[in-house]
Amino acid sequence: MPGLDEKLHDIYDEVVRRNAGEAEFHQAAREVLTSLGPVVAKHPEYADAAVIRRLCEPERQIIFRVPWVDDAGTVQVNRGFRVEFNSALGPYKGGLRFHPSVYLGIIKFLGFEQIFKNALTGLPIGGGKGGSDFDPKGRSDGEIMRFCQSFMTELYRHIGEHTDVPAGDIGVGGREIGFLFGQYKRITNRYESGVLTGKGLAWGGSQVRTEATGYGTVFFVEEILKTRDDSFDGKQVVVSGSGNVAIYAIEKVQQLGGTVIACSDSGGYVVDEKGVDLDLLKDLKEVRRGRISEYVEARGDSARYVEGGSVWDVPCDIALPCATQNELNGTDAATLVRNGCGIVAEGANMPCTPEAVQLMAEAGVAFAPGKAANAGGVATSALEMQQNASRDSWAFDHTEQRLAAIMRGIHDRCVETADEYGSPGDYLAGANIAGFVQVADAMLALGVI
Ligand code: GLU
């Protein structure tokens, strides 16, 4: 990765100083700033209006207490967050993450990424993110419900279909969105479908939203392959994670003729040379909410479980990191390169460390950053908002075609923008610059606000 020029360096230093200790936010900001050198050289008007400095400062940050009572009758206290980062293009939009690692720096990095990702979709959505340090692992349905109700009892006053529209992320799926929507409806006495996305199909949700992030990532890779007159046919693919993004990435790879030979969770990974048994994985993770180690017991001979270790040690043609931030480091990237992996696409948000990204760039690996490759989730959320606004619901095929077209559009915009700004083939530069320019132009038009 090239260094930062002087003006951008000053902005980065300011980000570090004003957001002390928030390493993930610094990393996400630096990654974008690193691409913007040629943009500020061509467009001095952005600097004159302090567009980048304003972009790095969230419009609003909300932190609140979330008290709730567990099944043993003990009072628990968690912390809730919503960072409303940028609304130049539309209402704040982005998921909620429930995970013990959540603190302000994680929510800011996710919210910052979301601004550019949402811009790249071409749909009218701003960027935001929220969540809590609540750990859903091992909690009963009743505990999850009470937590969600308490969380929404504060959050409801900050959101709305024209203001801020949360959705899911790690630890927040259909069950949690249901409890959150129920509490919002009760408090406000409004059936305001467009206030949350990722809803169930019976009560305002969209077809394909569940599948969208994983499917979209694979559609993006398909576009990369097409530029090389290639396809998924016969490709060996490794996917990290086994949550919502990973499961539907695996499903689409299989539909397109590839073989997913490994996936993982935080405890370890499984290698299944015959190809991952998706029905088994879905039952294990979506229904039983179990651990990946149980996969091998059910699958028998063809699979083996490796406790700990790195799933990136498994040789593959294509790698799809779909677990969490900074899960693929420099050592992993070196292993992937040595094993002949040619494409890495981020299904998760910022799963590759800066060292990994640099190493892959030097080795000529095609690297699709999350803000482009995983934008299918939030894009389909915007399609859900469209359906809610028109009180309509679309068929699966129609919605999937819209998703595929959006991913093609993002891919082509990345390629064209990278060409225009002198970095042909660099999807990271293309995504950062195309997303930035779209938001920056809107911010210029709206004045200093
Ligand atoms: N959490 C997802 C993301 O990282 C989806 C957000 C949404 O649908 O609003 O983009």
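It should be emphasised that the depicted structure is a prediction, and the values quoted were computed from it without experimental measurement. We count ligands from 1, going down the list as the structure has it; atoms in each ligand are counted the same way. When a residue number appears, it is its place in the shown sequence, counting from 1.
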Starting from [atom], what is the nearest protein heavy atom, named by residue and atom, and what distance separates them?
| atom | answer |
| --- | --- |
| atom 3 (C) of ligand 1 | K117 NZ, 3.3 Å |
| atom 9 (O) of ligand 1 | K93 NZ, 2.7 Å |
| atom 6 (C) of ligand 1 | G95 N, 3.5 Å |

Short N-O contact, [X] and [Y], less than 4.0 angstrom:
| X | Y | value |
| --- | --- | --- |
| E154 | R157 | yes |
| K371 | E31 | yes |
| D164 | R60 | no |
| R18 | E57 | yes |
| R413 | E416 | no |

F181-Y191 aromatic ring centre distance below 6.0 Å: yes
Ring centres under 6.0 angstrom apart (F85, F112): yes
Element-labelled atoms of ligand 1 that are located less than 4.0 Å from some non-hydrogen atom of [X]:
| X | answer |
| --- | --- |
| A167 | 7 (C), 8 (O), 9 (O) |
| N349 | 4 (O) |
| S381 | 7 (C), 8 (O), 9 (O) |
| Q114 | 3 (C), 4 (O), 6 (C), 10 (O) |

Flag, side chain of R79 to backbone of I63, donor-acceptor distance under 3.5 Å: no
D169 N/O to ligand 1 N/O under 3.5 Å: yes
Sub-3.5 Å N/O-N/O distance, V165 and ligand 1: no
Residue part near ligand 1, for K129, under 4.0 Å between non-hydrogen atoms: side chain
Residue part near ligand 1, for E384, under 4.0 Å between non-hydrogen atoms: neither
R209 to ligand 1, any heavy atom closer than 4.0 Å: yes
Residue-ligand contact G168/ligand 1, heavy atom below 4.0 Å: yes
Exercise: do Y92 and E59 side chains pair donor with acceptor under 3.5 Å: yes
